[in-house]
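To start, the structure under review is shown below, and the notes come after it.
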Amino acid sequence: MNQDIRVRFAPSPTGPLHMGGVRTALYNYLLARKKGGKFILRIEDTDQNRFVPGAEEYILESFRWCGIEFDEGVHVGGPFGPYRQSERKELYKQYADQLIQSGHAYYAFDTADELDELRKHYESEKKTFTYNAESRGQLKNSLVISEDEVKTWLDTGKPYVIRFKMPASEEVNMQDLIRGEVVVNTRALDDKILFKSDGMPTYHLANVVDDHLMEISHVIRGEEWLPSMPLHIMLYRAFGWNEPAFAHLPLLLKPDGKGKLSKRDGDRLGFPVFPLEWTDPQTGETTRGYREDGYFPEAFVNMLALLGWNPGDEREVFEMESMAEAFSLERVGKSGARFDPDKARWFNHQYMVLKANEELTRAFMPVLQQKGLMVDSEYVQQVVGLVKERADFVHELWDQSSFFFVAPDGYDEKAVKKRWKPDSYDQMMELKELLVKTEPFTAGHTEEMVKQWIEEKEYGMGAVMNAFRLLIVGALQGPHLFDIIALIGQEETLMRIQTGLHELGRKE
RNA sequence: GGUCGGUUCGUCUAGUCAGGUCAGGACGCCAGGUUUUCAUCCUGGUAACACGGGUUCGAAUCCCGUACCGACUACCA
């Protein structure tokens, strides 16, 4: 039984893709990559009322950004298409009919309003209405109505749905790759609608039919689907089809409190919940995304992968390739994983340090241009190399490096108080004289010269260097000072000293 | 309410299937070190087996119960 691995991610285009959904897709993708299988994107748009324009494009763009690629799907095609359920509409009816034929399903003519009414009535008596073996005998369906009348109603176009005839009491034994054996008695289940009165299948039918037709080997999805696994299993059995393997992933939980991670948590705690920025076409409301917040896709994906899965060793920073290599469903945890924004930031920092200066420069150039700075990218690369390990995001680079591009427009008050001493003025004056004649103006050489001079004059290293830094940077921060002056150059260095001398003056 | 699932440091987790290292790593936090500054970095520290029974020489690990948490319970997916 060396069956080919075929997995799918099947979102419904009802809005932006939640990061939990991205993780689900990622695990599917990783398994496919690991096993040399196929990864399929299927759009589950059987609910016409919930269709949101732009959502499908958003989903595609999200995966493109994340570096998650599909072998088959709406956008790339494939031998099992179409991959959009609305385009497969004609397919489903025959399968629903097949189930009616075999006695596993039946027509039901109760209207949504009637059922609502019934539910309310039950609720008022503190009971729960369930459309099941117990109640179906009292309702309007082909199990109680005469065959002739059913035929007449059908012929006259009376709205109907097709429901699954759930056995009254039967143990369903199921195997979940993550949770092991799960047993449910059908008495706790209801006669789920398989085919809606609008002519579309529900998720349950479409999902099972498509997974079968597309020869899906593993259904890997969120834990919220666990309760409907028995129905799906029953469906496979009713059709007489082989069941795929199932794996229900643990939920992504909010950083604080309880419950699954929601958009509101992100708004409340200040982090994105979606991969990309999303603007609601209805309200115009915009929701932030990881991409726009400055996360590297590699970091986002890496962080997500480790939420619920680990390689079994102590590696944490993974590129997609090695992640796929190390991935296995056996190492996916059972319990919900709380999202930690701090750790997400840490992951981004790891990639910041890892990234080539060229790549960071490409990302940083637009920031510089926006500030009206025309700088050589060779120069920026050197700057980035010096400061990247001090930042978590590209947009933090400016704060760490502004003094490489513009002279200080003021001097940090506290720093002045602490480091601009009565001796400083004369010492800096001397330093300027020294630097005028220092040649070549490299980091190594200037450092050598300055340190030698400090020693000869028996000035305090700390006193001189801090005052010097203050004049060059405007504050007591930044990388190695001799690296800074070497980059900005001799002329600029001398100018900044001159300006600083003038601005700060001699302290009495 | 019912059904199903889950429970190791504050957080992500290793260890559980094949009982036996002071329960390991990472994030965060704290302290120290390196440094001309800040940051990075390095070193160290902090801190957990939900609870109660049982089986056993020995239980985070096996069994039972309890508690707590969550998901689901639509002509939504």
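Per chain, numbering begins at 1; letters A, B, ... match sequence-line order. Values below: all heavy atoms of this structure, side chains included; hydrogens, waters and symmetry mates excluded.
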**Item:** P gap between B:G53 and B:A47, integer Å
**Value:** 26 Å

**Ring geometry between A:F246 and A:H248 (parallel below 30°, tilted from 30 to 60°, perpendicular above 60°)** = parallel

**Request:** Could you check A:K263 against A:D265 for salt bridge (charged side-chain N to carboxylate O under 4.0 Å, His left out), going step by step and ending with a plain yes or no?
**Result:** CA-CA 5 Å; A:K263 175 185 169 300; A:D265 301 311; over 6 Å; no

**A:T130 vs B:U73: side-chain N/O to OP1/OP2 distance below 4.0 Å** = no

**Ring centre gap for A:W398 and A:F364 strictly below 6.0 Å** = no

**Prompt:** Given that A:I193 and A:D342 both sit by RNA chain B, which one's nearest nucleotide is further toward the 5' end?
**Reply:** A:D342

**Prompt:** Parallel under 30°, tilted from 30 to 60°, perpendicular over 60°: which one fits the rings of A:Y290 and A:F339?
**Reply:** perpendicular

**Asked** Is the backbone N or O of A:A344 less than 3.5 Å from a side-chain atom of A:N348, with the two atoms forming a donor-acceptor pair by type?
**Response** no

**Request:** Using the P atom as the reference point in each nucleotide, state the distance between B:A14 and B:G54 in Å, no decimals.
**Result:** 30 Å

**Asked** What about A:S197: does its side chain form a donor-acceptor pair under 3.5 Å with the base of B:C75?
**Response** yes

**Message:** From C-beta outward on A:L115, which listed nucleotide comes closest to its side chain: B:U13, B:A26, B:C75?
**Reply:** B:C75

**Complete:** Across every strand shown, the nucleotide meeting Watson-Crick or G-U wobble geometry with B:U55 (both distances under 3.5 Å) is none

**Request:** Please give the nucleotide sitting opposite B:G45 as a Watson-Crick or G-U wobble pair, both distances under 3.5 Å, or none.
**Result:** B:C29

**Request:** Please state whether the phosphate of B:G25, meaning OP1 or OP2, lies under 4.0 angstrom from any side-chain nitrogen or oxygen of A:K343.
**Result:** no

**Prompt:** Starting at the 5' end of RNA chain B and moving along, which residue's nearest nucleotide shows up first, A:W225 or A:L306?
**Reply:** A:L306

**Complete:** A:R390 has its side chain closest, among B:C38, B:A71, B:C75, to B:C38

Any N/O pairs under 3.5 Å between the protein and nucleotides 14-17 of chain B? List them or say none.
| from | atom 1 | to | atom 2 | distance (Å) |
| --- | --- | --- | --- | --- |
| B:A14 | OP1 | A:N310 | ND2 | 2.9 |
| B:A14 | O3' | A:R331 | NH2 | 3.2 |
| B:G15 | OP1 | A:R331 | NH1 | 3.3 |
| B:G15 | OP1 | A:R331 | NH2 | 3.2 |

**Asked** Is the A:F482 ring parallel, tilted or perpendicular to the A:F468 ring (thresholds 30°, 60°)?
**Response** perpendicular

**Item:** Spacing between A:R345 atom CZ and B:U40 atom C1', to the nearest angstrom
**Value:** 14 Å

**Prompt:** Using purine N1 to pyrimidine N3 plus N6-O4 or O6-N4 for Watson-Crick, or N1-O2 and O6-N3 for G-U wobble, both under 3.5 Å, which nucleotide pairs with B:C17?
**Reply:** none

**Prompt:** Counting side-chain heavy atoms from CB outward, which of B:G28, B:C75, B:A77 is closest to A:W346?
**Reply:** B:G28

**A:R345 bridged to A:E396 by N-O distance under 4.0 Å** = yes

**Prompt:** Taking the P atom of each, how far is B:C4 from B:C42, in whole Å?
**Reply:** 49 Å

**Request:** Name the nucleic acid region contacted by A:E314, choosing base, sugar-phosphate or nothing; use a 4.0 angstrom heavy-atom cut-off, strictly under.
**Result:** sugar-phosphate

**Request:** Look at the side chain of A:H349 and the base of B:U40, then say whether one donor and one acceptor between them are separated by less than 3.5 Å.
**Result:** no

**Message:** Measuring from the side chain of A:E316 (C-beta onward, heavy atoms only), which nucleotide among B:A26, B:G25, B:U36 has the closest atom?
**Reply:** B:A26

**Request:** Please answer whether the main-chain N or O of A:K140 pairs with a side-chain N or O of A:D110 as donor and acceptor at a distance below 3.5 Å.
**Result:** yes

**Request:** Tell which nucleotide pairs with B:A23, taking only Watson-Crick or G-U wobble pairs whose two distances are both under 3.5 angstrom.
**Result:** none

**Item:** Mutual orientation of the aromatic rings belonging to A:F327 and A:W309 [parallel < 30°, tilted 30-60°, perpendicular > 60°]
**Value:** tilted

**Message:** Give me the distance, rounded to whole Å, that separates B:C51 from B:A67 when you measure between the C1' atoms they each carry.
**Reply:** 7 Å

**Message:** Once you apply a heavy-atom cut-off of 4.0 Å, does A:P159 come out as touching a base, just sugar-phosphate, or nothing?
**Reply:** nothing

**Message:** What is the separation between atom CG on A:N141 and atom P on B:C75, rounded to the nearest whole Å?
**Reply:** 14 Å

**Request:** Begin from the C-alpha positions of A:D256 and A:R268 and carry the test salt bridge (charged side-chain N to carboxylate O under 4.0 Å, His left out) through to its verdict.
**Result:** CA-CA 11 Å; A:D256 61 344; A:R268 184 168 54 84; 3.0 Å; yes

**Prompt:** With a 4.0 Å cut-off on heavy atoms, is A:K260 in touch with a base, just the backbone sugar-phosphate, or nothing at all?
**Reply:** sugar-phosphate

**Asked** Could you state the CG-P distance from A:L304 to B:U11, rounded to the nearest angstrom?
**Response** 19 Å

**Prompt:** Does the ring center of A:W153 lie less than 6.0 Å from the ring center of A:Y160?
**Reply:** no

**B:G65 to B:A71 separation - P atoms, rounded to the nearest Å** = 25 Å

**Item:** Nearest-neighbour nucleotide for the A:L251 side chain, B:U36, B:C72, B:G70 considered
**Value:** B:G70

**Request:** Write down the distance between CG (A:D110) and P (B:A74), rounded to a whole number of angstrom.
**Result:** 15 Å

**Message:** Side chain of A:Q477 only, heavy atoms from C-beta on: which candidate in B:U13, B:C76, B:U37 is closest?
**Reply:** B:U37

**Asked** Honestly, is A:K192 close enough over A:F164, meaning NZ or CZ under 6.0 Å from the six-membered ring centre and within 45° of the axis?
**Response** no

**Asked** Nucleotide by nucleotide, 5' to 3', does protein get under 4.0 Å of the base (B), only the sugar-phosphate (S), or neither (-) in nucleotides 1-10 of chain B, counting heavy atoms?
**Response** --SSSSS---

**Complete:** Rounded to whole Å, the CZ-C1' distance (A:R469 to B:U37) equals 5 Å

**Asked** With both distances under 3.5 angstrom, what nucleotide forms a Watson-Crick or G-U wobble pair with B:C9?
**Response** none

**Asked** Roughly how far apart, to the nearest Å, are B:G52 and B:G15 at atom C1'?
**Response** 24 Å

**Asked** If you measure from the P atom in B:A18 to the same atom in B:U13, how many Å do you get, rounded?
**Response** 24 Å

**Asked** Is the A:F9 to A:F63 ring centre distance short of 6.0 Å?
**Response** yes

**Request:** May I have the distance from A:F164 (atom CZ) to B:A74 (atom C1'), rounded to whole angstrom?
**Result:** 19 Å

**Asked** Below 6.0 angstrom between ring centroids: does that apply to A:Y351 and A:F296?
**Response** no

**Complete:** Pairing partner of B:G70, by Watson-Crick or G-U wobble and under 3.5 Å for both distances, is B:C4

**Message:** Counting only Watson-Crick pairs (N1-N3 plus N6-O4 or O6-N4) and G-U wobbles (N1-O2, O6-N3), all under 3.5 Å, who is the partner of B:A60?
**Reply:** none

**Asked** When we call it a touch if two heavy atoms are under 4.0 Å apart, what does A:G259 touch: a base, just sugar-phosphate, or nothing?
**Response** sugar-phosphate

**Request:** For nucleotides B:U66 and B:A74, find the distance between their C1' atoms and express it as a whole number of Å.
**Result:** 34 Å

**Prompt:** Which base, if any, makes a Watson-Crick or G-U wobble pair with B:A39, both distances under 3.5 Å?
**Reply:** none

**Request:** Rounded off to whole Å, could you give me the CG-to-P distance for the A:L252 and B:A71 pair?
**Result:** 13 Å

**Prompt:** Checking all strands, does A:A112 fall into the base, sugar-phosphate, or nothing category for heavy-atom contacts under 4.0 angstrom?
**Reply:** base

**Request:** Could you state the atom-to-atom distance from CG of A:D483 to P of B:U36 in whole Å?
**Result:** 13 Å

